[in-house]
Amino acid sequence: MANEIFVTAERCTGCSLCVKTCPVDAIKMIERPQHPNKWKLATINEKCVFCNACVVECDRLAEKTKKTDVFHAIVMHKDASTAPVIDTTLYKGVWCFAEQRHGKIVPTIYELLHVGGKMAKVLDEQLCVVLMGHGVKETAQDLIDHGADKVYVLDHPKLARFLEGAYAPILKDLILKEKPNKFLMAASAVGRSLAPRLAVMTHTGITADATEFDINPTTKMMHATRPSFGGNLMATILCERSRPEMATMRPMSFPMAKKVPGHKGEVKIVPIDDSMIQPREEFVEFIPDQDSASDISTAEVVVSGGKGVGNAKGFELLRELAKALGGEAVGASRAAVDSGWISYPHQIGLTGRTVRPKLYIACGISGQVQHLAGMSQAEVVVAINKDADCPMMKLATYALQGDLYEIIPAILAALKKPNTPALT
């Protein structure tokens, strides 16, 4: 049976709240001149993604009004998969995938260990790390020092550079053999490439780009939440009938795990069958990005501009401020990028990068929810805006009301004065 959704005409009042609720504009109202009350009728078209938002809204109205003859008008049936139900009690352990680039561990693993560590504690299971590459065994102890109970080391010369076709089959075999309960990866270029392929190969589900995690204390299932429909909805996704429960985590969304003095862990060397490494792709060359925007995600100081900057030339002033504060990271809102004032790699928000700096300076940015989602974890936020009531000014640690073209030069002049305290 395919997914289906329909409106029960006898129960629809034509209130149109379902139209406002639908995130994909899949519901339209049509006239019903023959209806005794002239009520309109909701109709659902092929744009529907079966998100259930309209059903919830219609049912909520029924509960609120206590009426039994109307509302509860939208009915949805989802196809029940014929996939076999597995014994979830056989799956144990919270796994985190440690990326390495050029032989060095990518710091995102420490965020994964922070999230995974909380899950492992609730589940009373081991926190494990999968480390793939060449010559990476010496890094295993650092992962144990940050809370890992076990590190699976898969070391081979052909794994020195990430190739999806080489990594995926080896990881698949390890998962099928060891049966982890949860598996977390970073929503990086590597994670976004490897994770979905791995999920398909192991016949499980995956939540992509999650920003919140929780464990249901009763079912022990992972609740992974991610922004949907441009941030208009937050979707919590469950993986009920398959294991491991997989998710990719948006980098810079969580604190990093701290070192655990005296923590003991096991390093398990996993033998690799050379015949399994038969990738169709080939690593040719790595060309580093020369744009300073590549450093935004890890920068401690970020100066960003929005529509209030007014033009592309205004971003030169922001770059000058960033350098005066000891950095070079310049960010932007989507409005500034869409206007062509600065390139997309500088964009911060749901559809751009996520940053977690010690200092974030927002210049002429009103603070739409999509942008706030990308920088709300900053330690100190300074907002410069003419509008004292905009969301960014209310979020800011320090709000400076006024023209950024007057305020920023004044800040620069103060920073150039002798004996100006260094930024710490």
Side-chain angles (χ1 to χ4, degrees), residues 1-83 205-214 216 218-219 221-241 245 247 250 333-335 338 349-352 366-374 376 390-391:
M1 180 183 72
N3 293 339
E4 64 174 344
I5 186 169
F6 58 89
V7 178
T8 305
E10 294 79 8
R11 303 189 69 86
C12 180
T13 66
C15 70
S16 77
L17 281 179
C18 56
V19 176
K20 299 175 183 177
T21 302
C22 181
V24 292
D25 194 28
I27 305 177
K28 304 295 182 184
M29 305 302 296
I30 61 172
E31 300 288 342
R32 283 196 288 179
Q34 76 284 3
H35 193 279
N37 298 319
K38 307 299 182 183
W39 285 346
K40 293 182 179 181
L41 176 67
T43 60
I44 304 175
N45 60 38
E46 68 280 356
K47 292 181 181 179
C48 178
V49 294
F50 301 93
C51 70
N52 203 48
C54 59
V55 179
V56 171
E57 184 65 18
C58 194
D59 290 349
R60 185 188 66 80
L61 281 176
E63 295 170 4
K64 183 178 180 180
T65 60
K66 306 297 183 183
K67 293 183 178 182
T68 59
D69 57 334
V70 291
F71 302 125
H72 286 305
I74 306 176
V75 181
M76 183 171 69
H77 297 299
K78 285 196 174 183
D79 183 16
S81 173
T82 57
I206 185 170
T207 302
D209 211 20
T211 56
E212 297 177 30
F213 293 93
D214 198 9
N216 185 300
T218 303
T219 64
M221 288 177 57
M222 177 173 69
H223 288 207
T225 303
R226 70 179 306 277
S228 300
F229 304 110
N232 293 314
L233 286 178
M234 294 298 288
T236 298
I237 301 173
L238 309 181
C239 182
E240 297 179 324
R241 292 176 300 201
E245 298 171 77
R250 178 172 293 194
S333 68
R334 180 169 180 172
D338 288 348
L350 283 177
T351 51
S366 63
Q368 295 300 313
V369 63
Q370 291 86 350
H371 184 81
L372 296 182
S376 60
C390 70

### Query
How about H223 and L238: do any of their side-chain heavy atoms sit closer than 4.5 Å?
yes

### Task
Flag the pair R334 / Q368 as yes when at least one side-chain heavy-atom distance between them is below 4.5 Å, and no otherwise.
no

#### Entry: By side-chain contact (heavy atoms from CB on, under 4.5 Å) - contacts of K20 (at least two apart)
S16, L17

### Query
So E57 and R60, salt bridge (charged side-chain N to carboxylate O under 4.0 Å, His left out) or not? Walk me through it.
CA-CA 5 Å; E57 184 65 18; R60 185 188 66 80; 2.7 Å; yes

### Task
Grab the two heavy atoms, one from W39 and one from T13, that are nearest each other, plus how far apart they are.
CG-O, 3.3 Å

### Query
Sequence neighbours excluded, which residues qualify as side-chain contact (heavy atoms from CB on, under 4.5 Å) partners of C58?
F71, A73, I74

### Query
At their closest point, which heavy atom of L41 faces which heavy atom of A9, and how far apart are they?
CD1-CA, 3.8 Å

### Query
With no hydrogens and no angle check, is any side-chain donor or acceptor of T207 less than 3.5 Å from a backbone partner on A247?
no

### Heavy-atom closest contact (C48 atom, F50 atom, distance)
SG-N, 3.3 Å

#### Entry: Separation between CD1 of I5 and CD1 of I44, rounded to the nearest 0.5 Å
4.0 Å

### Short side-chain to backbone donor-acceptor contact, K40 and I30, under 3.5 Å
no

### Query
At what distance, to the nearest 0.5 angstrom, does CD1 of I27 lie from OG1 of T21?
7.5 Å

### Query
To the nearest 0.5 Å, what is the distance between CD (E240) and OG1 (T219)?
8.5 Å

### Message
For the CD1 atom of I237 and the CD1 atom of I206, what is their distance to the nearest 0.5 Å?
### Response
10.0 Å

### Query
Do you know which two heavy atoms are closest between C239 and G205, and how far apart they sit?
SG-N, 3.7 Å

### Message
According to side-chain hydrogen bond (donor to acceptor under 3.5 Å, both in side chains), who are the partners of K47, at least two apart in sequence or on a separate chain?
### Response
none

### Distance (rounded to the nearest 0.5 Å) between C18 SG and M29 CE
5.5 Å

### Query
Taking the side chain from R11 and the backbone from T68, do they hold a donor-acceptor pair closer than 3.5 Å?
yes

### Query
How long is the span from the CG atom in L61 to the NZ atom in K67, to the nearest 0.5 Å?
10.0 Å

### Summary
Nearest heavy-atom contact between V55 and M76 is CG2-CB, 4.2 Å

### Task
Using modelled atom types only, decide if a donor and an acceptor are shared between the side chain of R226 and the backbone of A208 within a distance under 3.5 Å.
yes

### Query
What are the two closest non-hydrogen atoms of N216 and T218, and how far apart are they?
OD1-N, 2.8 Å

